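These figures come from a predicted structure and were not determined experimentally. For reference, positions follow the sequence shown, starting with 1. When reading the values below, keep in mind they use all heavy atoms of this one structure, side chains included, and skip hydrogens, waters and symmetry mates.
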Amino acid sequence: MMAYSYGVTLLILCPLIFLAAFIDSIAGGGGLISLPAYLLAGLPIHNAHGTNKFTASMGTAMAAVNYMRSRKVDYPAALAGGLCALGGAWAGTSIALAMSPRLLQLCLVIILPLAGVFILSRRGREEGAPREALSPVKKIIFSALAGLVIGCYDGFFGPGTGMFLTIAFSTLVRLELIRAAGTARVINLSSNLASMLTWLRGGHIIFSLAIPGMICAIAGGYVGSRLAIRVGQKLIRRVLVVVAILLFIRILWDLLATMR
């Protein structure tokens, strides 16, 4: 199952899972670190996806609780988006489970660099002047649409989902950035849980790695969300840019290697 001993595997995984949950709790994109970490540890691609969903769900749950306690969640938007994300995540995960590991790995090599480039292109974007709030009906419609589409992506692939949700709720639903981040964490939790249950039913979660990873993800989600609420995102934005550049180089290298 793994290319390393259990102890060495945990030494590789635990810091990366903490970092992934830390970043994901602030602006999303943690899956760009955690999923490659599980693949680096030697897990088959379906098991990597399933185990990653389990740990990501725990870290996102902790972050969501922190945002809710600090009143940084728009509940009507979160409810509409979360309910639609459930259906979208189920559909996306069902598609992923039906694919062969080789085909899914090819999708990973193609999608991951694109997701990294997208996050890089959006990281430096600041909030503009205050915009007129949407009507309640439009807010519900746009929230539901964002949850459905991005939830499907989350179930099928995952990395970058929180970032896409934060952007959608900041630009499309017109929430303040910190409220967009908090609302995105609640919806991301919904889609993560739906996807996780589907992977669990298929027997693709490796609990010997998922349990230690869960502890690291909860710690990372707590620290990251508290920092976002108290300090802001400027420093983390710079850190995420550096991480995204390194990941993009690594995945680009893997893509070129597959062409030889």
Side-chain angles (χ1 to χ4, degrees), residues 21-31 56-90 92 118-119 122-123 125-155 158 160-196 217-218 220-234 236-237 240:
F22 176 81
I23 292 174
D24 198 67
S25 66
I26 296 170
S57 296
M58 302 302 109
T60 303
M62 174 56 69
V65 168
N66 276 340
Y67 281 111
M68 288 188 288
R69 285 177 176 172
S70 299
R71 300 180 182 179
K72 301 299 184 183
V73 174
D74 187 301
Y75 288 102
L79 180 60
L83 288 175
C84 289
L86 285 172
W90 175 83
F118 182 80
I119 288 176
R122 306 293 298 201
R123 277 292 84 194
R125 179 170 179 155
E126 301 290 345
E127 289 190 280
R131 295 160 294 175
E132 182 181 353
L134 293 177
S135 68
V137 174
K138 286 185 177 179
K139 179 190 288 188
I140 295 300
I141 292 174
F142 288 157
S143 298
L145 180 62
L148 179 64
V149 173
I150 301 176
C152 184
Y153 166 82
D154 188 29
T161 296
M163 186 68 247
F164 298 148
L165 284 170
T166 301
I167 292 171
F169 279 87
S170 176
T171 57
L172 187 64
V173 188
R174 302 182 185 177
L175 298 181
E176 180 189 2
L177 187 57
I178 188 64
R179 290 179 66 82
T183 303
R185 299 292 81 71
V186 174
I187 296 174
N188 202 183
L189 174 61
S190 174
S191 62
N192 273 347
L193 290 175
S195 180
M196 181 196 73
I218 290 174
Y222 177 83
V223 174
S225 57
R226 295 310 303 170
L227 184 64
I229 293 166
R230 294 178 180 178
V231 179
Q233 298 190 97
K234 185 172 292 186
I236 308 306
R237 184 175 290 126
L240 183 55

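Here Cys84 contributes atom SG and Leu148 contributes atom CG; the two are 5.5 Å apart, rounded to the nearest 0.5 Å. Atom CD in Glu176 sits 10.5 Å away from atom OG1 in Thr183 (nearest 0.5 Å). Between atom CG of residue Leu145 and atom CG of residue Leu172 there is a gap of 7.0 Å, rounded to the nearest 0.5 Å. In this structure, CG on Leu79 lies 9.5 Å from OG on Ser143, to the nearest 0.5 angstrom. Between atom CD1 of residue Ile26 and atom CZ of residue Arg226 there is a gap of 12.0 Å, rounded to the nearest 0.5 Å.
Contact of the Asp24 side chain with the Asn188 side chain is registered, since non-hydrogen atoms from C-beta on lie closer than 4.5 Å. Residues Tyr222 and Ile218 fail the side-chain proximity criterion, which asks for heavy atoms closer than 4.5 Å. Counting only heavy atoms from C-beta outward, the side chains of Arg174 and Phe169 never approach each other to under 4.5 Å. Annotation: side chain of Leu227 is in contact with side chain of Phe22 (closest heavy-atom distance under 4.5 Å). Taking 4.5 Å as the limit, every side-chain heavy atom of Val149 sits out of range of all side-chain heavy atoms of Phe164. Side-chain contact between Thr166 and Arg185: present, with at least one pair of heavy atoms (C-beta onward) separated by less than 4.5 Å. The shortest distance between side-chain heavy atoms of Ser170 and Leu175 does not fall below 4.5 Å. Looking at Val186 and Tyr67, their side chains never come closer than 4.5 Å, going by heavy atoms from C-beta outward.
The two atoms that bring Ala184 and Gly162 nearest to each other are CB-O, 4.1 Å, heavy atoms only. Smallest separation of non-hydrogen atoms from Ala228 and Ile178: O-CD1, 3.8 Å. Shortest non-hydrogen contact noted between Met62 and Gly221 is CG-C, 4.0 Å. The shortest non-hydrogen separation linking Ile150 to Ala168 is CD1-CB, 4.0 Å. Considering all non-hydrogen atoms of both residues, Asn66 and Ser225 come closest at ND2-OG, 2.7 Å. Nearest approach of Ser25 to Gly220, heavy atoms of both residues: OG-O, 3.9 Å.
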